[in-house]
Chemist: 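I have a structure here, written as structure tokens, and I will follow up with some questions on it.
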Amino acid sequence: MRFTSFEKLSILCPDLSNADVLKREFFQRPTLQVAYDVLGKILARVFDGKVIAGRIVEVEAYRGDDPASHAYRGKTKRNSPMFDEGGTIYVYFTYGMHYCFNIVTESAGFPAALLIRAVEPLCGVDIMKKNRKTTEICNLTNGPAKLCQALKIERQLSGKKLNDGQLYVLDDGFEVDKKLVQRSRRIGIRVGTDLLWRFYLKGNKFVSKGQPIK
DNA sequence: TTAATGATGGGCT
DNA sequence: GCCCATCATTAAA
């Protein structure tokens, strides 16, 4: 299945003109496996007739059996997308001002998701600069809330499906050097800090610095 | 280092 | 229902 829903794509985003949309089944697998495999894939937002996209370079896994997960205490209005099938979008609002974007994984009824923490800008950089109110490339998408701002990912997408007109995950054939995939503890949490469920591409300048181990 | 900023949800009545 | 600590962050100092 090709990413053909937007005709001007090849003009605006030459790198994506031949990219494949990842099948729903890609996300309906064990969360940690998806976390590993999704590094290097492309996150593409179609908004206002334009495409904004970046390559995924840092993710964190959150599972229902994990105390750091929003789904740990069961289903609520906010976290209900985490209980849907893999390939669903989960966006939450936090700290009174930020959105964070997650890709739901596993099968329906098994709550789990991947927090996308950083992408490397590929296209629509001028739009990203406008959305982020900065011209510094390296400050556009190097954080979970930053990339949401850059790609205009907001609450209304939560619960919707990927690859359905608004937000896509694509494979452009880019091969990740698997030796560069690193694991670490997750960032910004108070519980579940022992789990090495953060995955990132070593040396990529959009990846977070990380947190000291206490 | 800390303020910004408000939705969320757990605990209680 | 009400209360209020917490929060998968960011930018400024």
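Each chain gets a letter, A, B and so on, in the order the sequences are listed, and its residues count up from 1. None of the values given here were measured: they were computed from a predicted structure. Side-chain atoms are counted along with the backbone in the values below, which use heavy atoms only and exclude waters and symmetry mates.
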Chemist: What is the separation between atom CG on A/N139 and atom C1' on C/dT9, rounded to the nearest whole Å?
Modeler: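 Taking atom C1' of C/dT9 as the reference, CG of A/N139 is at 13 Å.
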Chemist: How close or far is atom C1' of C/dC7 from atom CG of A/L115, stated in whole angstroms?
Modeler: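 Checked: the CG to C1' distance equals 13 Å.
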Chemist: Does the side chain of A/K77 get closer than 4.0 angstrom to OP1 or OP2 of B/dA7 through an N or O atom?
Modeler: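 For B/dA7, OP1/OP2 do not have a side-chain N/O of A/K77 under 4.0 Å.
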Chemist: Could you give the OH-to-C1' distance, from A/Y72 to B/dG9, as a whole number of Å?
Modeler: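 Nearest whole value for this atom pair: 16 Å.
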Chemist: In whole Å, what is the span from the OH atom of A/Y62 to the P atom of C/dC7?
Modeler: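 Answer to the nearest Å: 12 Å.
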Chemist: Write down the partner of B/dA4 under the Watson-Crick or G-U wobble criteria, each distance required to be under 3.5 Å.
Modeler: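 B/dA4 is paired, partner C/dT9.
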Chemist: Would A/F101 and A/Y99 count as a close aromatic pair, with their ring centres under 6.0 Å?
Modeler: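 No, ring centres 6.0 Å or more apart.
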Chemist: Is the closest side-chain heavy-atom distance between A/I89 and A/V91 below 4.5 Å?
Modeler: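 Sidechains of A/V91 and A/I89: in contact.
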Chemist: Could you work out which one of C/dC7, C/dA8, C/dA11 sits closest to the side chain of A/R190?
Modeler: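 When the side chain of A/R190 is considered, C/dC7 is the closest of C/dC7, C/dA8, C/dA11.
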Chemist: Check the geometry between A/F93 and B/dG6 and answer yes if their rings are stacked (centres below 5.5 Å, planes below 30°), otherwise no.
Modeler: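 Whether judged by distance or by angle, A/F93 falls short somewhere, so it does not stack on the base of B/dG6.
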Chemist: Which one, C/dA8, B/dG10, C/dT10, comes nearest to the side chain of A/R132?
Modeler: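 From the listed options, C/dT10 comes nearest.
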Chemist: Just the rounded figure in Å: distance from P of C/dC7 to CD1 of A/I189.
Modeler: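 Distance, rounded to whole Å: 10 Å.
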Chemist: Carefully, step by step, assess A/T105 and A/R29 under the rule side-chain contact (heavy atoms from CB on, under 4.5 Å).
Modeler: CA-CA 7 Å; A/T105 55; A/R29 297 183 295 140; over 6 Å; no
Chemist: Do any N or O atoms from the side chain of A/R45 and from the backbone of A/V51 form a donor-acceptor pair under 3.5 angstrom?
Modeler: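 No.
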Chemist: Quickly work out the A/F206 CZ to C/dT9 C1' distance and round it to whole Å.
Modeler: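 After rounding, the reported distance stands at 18 Å.
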Chemist: Expressed in whole Å, how much space separates the P atoms belonging to C/dA5 and B/dA3?
Modeler: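 About 16 Å, rounded to a whole number of Å.
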Chemist: Does the base of B/dA4 carry an N or O that pairs as donor and acceptor with the side chain of A/Y95 under 3.5 Å?
Modeler: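 Looking at the base of B/dA4, it does not pair with any donor or acceptor on the side chain of A/Y95 (distance under 3.5 Å).
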Chemist: Quick one: does A/R63's side chain have a donor or acceptor within less than 3.5 Å of a partner on A/A112's backbone?
Modeler: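 Not at all, since once roles are kept as given, no pair shorter than 3.5 Å links the two residues.
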Chemist: Expressed in angstrom and rounded to an integer, what is the separation of A/H70 atom NE2 from B/dG10 atom P?
Modeler: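 In whole Å, B/dG10 P and A/H70 NE2 are 11 Å from each other.
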Chemist: Could you tell me if the side chain of A/Y62 sits less than 4.5 Å from the side chain of A/T31, heavy atoms only?
Modeler: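 No. Closest side-chain heavy atoms not under 4.5 Å.
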Chemist: Report the nucleotide, chosen from C/dA8, B/dT8, C/dA11, that has the shortest atom-to-atom distance to any side-chain atom of A/Y90.
Modeler: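 It is C/dA8.
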Chemist: Given C/dT9, B/dA4, B/dG9, identify the nucleotide with an atom nearest to the side chain of A/T76.
Modeler: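 Closest nucleotide to the A/T76 side chain: B/dG9.
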Chemist: Counting side-chain heavy atoms from C-beta on, which of C/dT9, C/dA8, B/dA7 comes nearest to A/A145?
Modeler: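 Selected nucleotide (nearest to the side chain): C/dT9.
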Chemist: Are OP1 or OP2 of B/dT8 and a side-chain N or O of A/R155 less than 4.0 angstrom apart?
Modeler: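 Indeed, a polar side-chain atom of A/R155 lies that close.
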Chemist: Under 4.0 Å between a side-chain N or O of A/R117 and OP1 or OP2 of C/dA8?
Modeler: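 Indeed not, no polar side-chain atom of A/R117 lies that close.
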Chemist: As a test of reading the structure: which of C/dT10, B/dA4, C/dA8 is closest to the side chain of A/M97, going by heavy atoms?
Modeler: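 Looking only at side-chain atoms, A/M97 lies closest to B/dA4.
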Chemist: C/dA12 C1' sits how many Å from A/H98 NE2, rounded?
Modeler: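 It is 12 Å, rounded to the nearest whole Å.
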